Amino acid sequence: MTLVDAHIDADIEEARLHSMQQLNVLDSPPEDRFAQITRMAKAVFGVPMSTVSLLDRDRQWFKAVDGIELQNLPREQTVCQVTVARAYDHPDDPALIIPDVSKVPAFAAIPQIAADDGIRFYAGYPLYGPGGHPVGTFCLYDTRPRELTTDQEAAFRELAAWAQREIANSDDLERAALVQRQLLPPPLGVVPGWSIAAMCLPAFAVGGDFYDHYPWSDGLVFTVADVMGKGLGAAILTATVRSAIRAASRALDAAGHAAADADLAKVVETVADQLADDFAGTETFATAFHARLHTDEGQLEYVDAGHGLSIVRRAAGGVESLPGGGLPIGILRDDTWDSARVHLDPGDMVVITSDGLLDLLPSGHESALQALFADTSTPSEVCSMVSELVASRPPIDDVTVVAIRRDDAG
């Protein structure tokens, strides 16, 4: 790669942009923890300007700017696009340091450089997101040509490492992502007469979706829920909602045979009451589809709390949506919900998804789910299809799917 070559393979660029989105930093308000870095950089190096930025698809966005008025520069008018591209070809030495950028023809016409008092010295170091993709830069600028001594280059890399820790929080994100994956239930194993598959793919390192399933006295319990929001904040509330639903559901089952006749809506109402203050304090809510399956009879009882994304594919042909039944949890205090029932004959399959899947479909409408699953006959086929969609178009929201099929008789 030459000094000014900023080409990044299209597939790698999509992965890089997804990595940047996972940080959940783009277009966020200014924060002093980043401003401290740029202030320190100006003092240490005696330069008039320093920045911390992210490189989006067609713009450079600045998280911290000190000494220069910059924001949302066109990507093609930046030197930092070369710094980011360089990270792939020179991973051991990714810093781009140019004593006088006005002498580089490819950069000379950039407005911030072409001005009489414009930028001359440039030093950029890539910043990385989840998966190791370069997503932005930490930079020094001067209005006069200069070079960095060996000691100054070392200090420059140390400040870049500080910016890296702040912008990525990689250790915390990785730990949170690991914990969230571990909270997903293990596969159910063999359930005589039934086939089951489930998946949860966070759009960011951690997410606000979850699914749960476990045995109960007459069969199986299933939950798919989606807490409003993304990232760590949503993930914290997701763990709380999951635990509350599971606890309430198991308390109902612990009541013994009476549980079989108890209204499933009581589980959702108990959770809503228990978490009312938490939802109010965080100004958020959660949609949920909570169900229990009588495996011997093929009857599925369910409560839809504002979720609205569930279909039944009939063995005899046709796909139908299950009607919803109320507001999301956390919208109104003391709200109530109704339970509903659907019978699954041999060969019938119910599929519950989160709304992140809609973003991957051309129409983005609930009816598209019916068309999507019309030709899938098994839960494994459902999950394979969704995995292919996610691989072809990285999601901007979490994607969760649970598919349950009653096996053919005989």
Side-chain angles (χ1 to χ4, degrees), residues 6-27 54-59 75 81 84-85 87-88 128-136 173-174 177 180-181 184 187 195-211 224 226 229-231 234-235 287 307-311 313 319 321 349-405:
H7 174 73
I8 300 175
D9 179 81
D11 290 340
I12 294 177
E13 174 65 3
E14 289 303 315
R16 189 194 72 80
L17 290 170
H18 186 56
S19 178
M20 181 194 64
Q21 291 169 344
Q22 286 183 297
L23 293 173
N24 205 26
V25 172
L26 191 67
D27 293 320
L54 296 179
L55 195 69
D56 200 358
R57 187 182 299 276
D58 55 9
R59 60 173 175 145
R75 178 168 170 170
Q81 64 172 327
V84 166
Y88 288 108
Y128 300 87
H133 289 282
V135 297
L173 282 174
E174 288 173 7
Q180 191 166 57
R181 288 193 298 270
L184 292 175
S195 299
I196 301 157
M199 60 188 298
C200 181
L201 301 174
F204 302 93
V206 290
D209 280 11
F210 77 88
Y211 71 86
V224 175
D226 183 0
K230 304 176 180 67
T287 67
H307 202 72
L309 296 172
S310 53
I311 62 98
R313 182 188 183 278
V319 180
S321 295
M349 178 172 64
V350 61
V351 181
I352 309 106
T353 76
S354 63
D355 61 1
L357 181 59
L358 293 181
D359 296 326
L360 304 179
L361 303 180
S363 70
H365 192 270
E366 293 175 25
S367 61
L369 291 178
Q370 296 186 17
L372 177 67
F373 297 126
D375 296 327
T376 56
S377 59
T378 67
S380 60
E381 287 179 3
V382 168
C383 288
S384 294
M385 177 183 290
V386 173
S387 294
E388 291 174 3
L389 279 173
V390 171
S392 66
R393 183 181 177 187
I396 60 175
D397 198 359
D398 308 324
V399 176
T400 299
V401 178
V402 172
I404 309 155
R405 180 182 184 271

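What you see is a predicted model, and the numbers here were worked out from it, not measured in a lab.
- Listed by chain and number, the residues in a side-chain hydrogen bond (donor to acceptor under 3.5 Å, both in side chains) with Y211 amount to none (sequence neighbours excluded).
- Looking at residues two or more places apart in sequence or on another chain, you find a side-chain hydrogen bond (donor to acceptor under 3.5 Å, both in side chains) between T400 and D209.
- Listed for the R16 side chain is a donor-acceptor partner under 3.5 Å among the backbone atoms of P134.
- Atom CE of M20 and atom CG of L55 lie 8.0 Å apart (nearest 0.5 Å).
- Using modelled atom types, one side-chain atom of S392 and one backbone atom of E388 make a donor-acceptor pair closer than 3.5 Å.
- At least one side-chain heavy atom of I12 sits less than 4.5 Å from a side-chain heavy atom of Y88.
- Note: L389 CG to L372 CG = 6.0 Å, rounded to the nearest 0.5 Å.
- By the side-chain hydrogen bond (donor to acceptor under 3.5 Å, both in side chains) test, T287 pairs with H307, sequence neighbours left out.
- Among V401, V224, T353, the one residue that satisfies the side chain to side chain contact (heavy atoms under 4.5 Å, CB included) test with L309 is T353.
- Listed here is the closest heavy atom pair of P379 and M349: N-SD, 3.5 Å.
- Summarising the geometry, atom SG belonging to C383 is positioned 9.0 Å from atom CG belonging to L201; distances are rounded to the nearest 0.5 Å.
- Residues meeting the side-chain hydrogen bond (donor to acceptor under 3.5 Å, both in side chains) test with S384, sequence neighbours left out: none.
- Rounding to the nearest 0.5 Å places CG of D226 at 9.5 Å from CZ of F210.
- Under the 4.5 Å side-chain criterion, counting only non-hydrogen atoms from C-beta, P130 is in contact with L23.
- At least one donor-acceptor pair closer than 3.5 Å links the side chain of R313 to the backbone N or O of T376.
- Taking the side chain as every heavy atom from C-beta outward, R59 and R75 never approach each other to under 4.5 Å.
- Once rounded to the nearest 0.5 Å, the distance linking CE of M199 with OG of S387 reads 3.0 Å.
- Judged purely by atom type and a 3.5 angstrom limit, S19 has no side-chain atom pairing as donor or acceptor with the backbone of G132.
- What you find for D398 and S354 is that their closest heavy atoms are O-OG, 3.2 Å.
- Side chain of R405 to main chain of V351: no donor-acceptor pair is present (N/O by atom type, distance under 3.5 Å, no hydrogens or angles).
- Put simply, NE2 on H133 and CD1 on I8 are 10.0 Å apart, with the number rounded to the nearest 0.5 Å.
- Here salt bridge (Lys or Arg N to Asp or Glu O under 4.0 Å) pairs that include residues 374-386, with residues two or more places apart or in two chains, number zero.
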Take Y128 and V135 through the test side-chain contact (heavy atoms from CB on, under 4.5 Å) and record every step on the way to the result. CA-CA 5 Å; Y128 300 87; V135 297; 5.8 Å; no
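- Looking only at distances, no side-chain donor or acceptor of D56 sits under 3.5 Å from a matching main-chain atom of D58.
- Residue pairs meeting the salt bridge (Lys or Arg N to Asp or Glu O under 4.0 Å) criterion with at least one member in residues 349-358, sequence neighbours excluded, do not occur.
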